[in-house]
Amino acid sequence: MSPILRESLSDQVARLLLARIQAGEWKIGQKLPGETTLAPQLGVGRSTVREAIRQLSGQGVLLTRQGAGVFLQAVSPSADWDALVTRTNISSILEARIAIETEAAALAAERHTRDELDVIRAALALRDVDRITIETRVDTDTAFHRSVVVASHNEVLTELFDTFAERSREAMIQMLELSGEPGTDHDHLTHAQIVEAIATRDASVASELSRAHLVALRDGLASH
């Protein structure tokens with residue numbers, strides 16, 4: 001049985017207003033009736049209408065001019081709203097990963113043991129081989145990055161990574177689904193370079209490569 005989705009009152013009002021807009025009730029550039037008029041028409045309070053207008057303004061449909069009122073700017077959202085929200089959430093996840101993994105890579109270069117380097121190399125090799133599905137690509141990538149964080153010998157960074165891992169996994173899967181990329185992975189060389197920097201104990205290069213990789217992911221997401 002499918003779960004019942006509970007839509008907020010303001011979401012319902014936003015949807016109803018959009019339907020009226022798309023039915024041609026108002027023309028582009030025309031001023032909409034005020035909250036005191038719309039609220040009784042829709043059977044809700046003014047604050048609910050205000051929130052619905054805020055939602056449609058955020059989607060580029062309405063334009064609020066201070067002291068002048070609310071005007072119709074477009075008959076359809078400027079972008080798929082769900083996809084836009086998803087992109088925003090993934091961008092936040094990537095920014096957090098930048099903070100954690102950039103420092104972890106530098107510390108791993110300084111502190112890793114021979115056994116830890118072997119684990120990192122094994123994780124890199126598996127990452128290059130096991131890429132049948134988006135999920136396995138993300139899981140092997142996560143395992144690689146975790147091996148680097150563990151080699152930092154910083155328990156707080158490792159705990160942050162582990163606490164964050166499941167949400168990060170969901171975000172990365174969503175990112176690959178949004179980008180529509182095929183199964184091949186074009187950034188494996190960068191990961192190999194990170195490993196080489198760690199192996200040679202070059203903390204600055206390891207940190208810079210890790211940051212550049214994650215920043216490129218974030219910026220690539222914004223371009224889709």
Side-chain angles (χ1 to χ4, degrees), residues 1-100 134-135 137-138 164 166-184 186-187 211-224:
M1 180 181 296
S2 298
I4 297 173
L5 300 178
R6 290 179 172 82
E7 188 179 37
S8 72
L9 194 56
S10 60
D11 288 341
Q12 294 177 48
V13 171
R15 181 166 48 78
L16 290 172
L17 281 175
L18 184 60
R20 290 172 64 176
I21 287 167
Q22 293 179 338
E25 188 166 339
W26 300 287
K27 298 183 183 300
I28 299 293
Q30 184 177 350
K31 181 179 177 180
L32 269 67
E35 296 170 6
T36 54
T37 300
L38 289 173
Q41 288 180 1
L42 297 164
V44 296
R46 292 174 59 185
S47 61
T48 302
V49 173
R50 193 176 306 121
E51 177 58 30
I53 289 173
R54 187 179 295 113
Q55 288 185 34
L56 293 175
S57 295
Q59 296 177 40
V61 174
L62 300 178
L63 175 65
T64 301
R65 295 175 183 164
Q66 190 67 32
V70 178
F71 296 82
L72 182 60
Q73 183 169 248
V75 296
S76 298
S78 57
D80 182 271
W81 190 242
D82 289 338
L84 180 59
V85 171
T86 297
R87 286 185 176 90
T88 301
N89 290 340
I90 297 172
S91 179
S92 297
I93 294 291
L94 289 172
E95 286 172 357
R97 284 190 60 185
I98 291 169
I100 295 169
I134 287 177
E135 287 79 5
R137 289 176 63 197
V138 171
F164 208 57
E166 186 57 34
R167 183 63 191 94
S168 178
R169 180 180 189 272
E170 294 171 6
M172 297 308 294
I173 289 172
Q174 289 173 342
M175 185 189 74
L176 290 175
E177 289 174 343
L178 282 171
S179 67
E181 291 181 1
T184 56
H186 299 292
D187 67 351
R211 178 178 177 79
H213 162 61
L214 292 168
V215 167
L217 281 180
R218 183 197 62 192
D219 293 347
L221 174 68
S223 68
H224 284 100

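These numbers come from a predicted model, not from an experiment.
Taking OG from Ser10 and CG from Leu17, the interatomic distance works out to 11.0 Å, rounded to the nearest 0.5 Å. Rounding to the nearest 0.5 Å places CG of Leu56 at 9.0 Å from CG of Leu32. In this structure, Leu38 CG and Leu16 CG are separated by 11.0 Å, a value rounded to the nearest 0.5 Å.
When every heavy atom of Arg218 is checked against every heavy atom of Ile98, the shortest pair comes out as NH1-CD1, 4.2 Å. Considering all non-hydrogen atoms of both residues, Ala39 and Gly45 come closest at CB-C, 4.0 Å. Nearest heavy-atom pair across Glu25 and Gln30 is O-OE1, 4.5 Å. Closest approach of Trp26 and Leu72 over heavy atoms only: O-CD2, 3.3 Å.
Using a 4.5 Å cut-off on side-chain heavy atoms (C-beta onward), Leu214 and Arg97 make contact. Looking only at side-chain heavy atoms (C-beta outward), Gln73 and Val61 stay at 4.5 Å or farther from each other. Taking the side chain as every heavy atom from C-beta outward, Thr64 and Arg54 never approach each other to under 4.5 Å. A heavy-atom distance below 4.5 Å is found between the side chains of Met172 and Leu94.
Under the 3.5 Å distance criterion, with hydrogens and angles disregarded, a donor-acceptor pair is assigned to the side chains of Gln41 and Arg20.
In this structure a side-chain-to-backbone donor-acceptor pair under 3.5 Å is present from Lys31 to Ala68. At distances below 3.5 Å, not a single donor-acceptor pair connects side-chain atoms of Gln55 with backbone N or O atoms of Ala52. Of the possible polar contacts, one joining the Ser57 side chain to the Ile53 backbone as a donor-acceptor pair under 3.5 Å is found. Side chain of Gln22 to main chain of Val75: a donor-acceptor pair is present (N/O by atom type, distance under 3.5 Å, no hydrogens or angles).
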### Message
Could you go through Ile21 and Leu62, starting from their C-alpha distance and side-chain angles, then the distance that decides it, and tell me whether this counts as side chain to side chain contact (heavy atoms under 4.5 Å, CB included)?
### Response
CA-CA 10 Å; Ile21 287 167; Leu62 300 178; 4.0 Å; yes

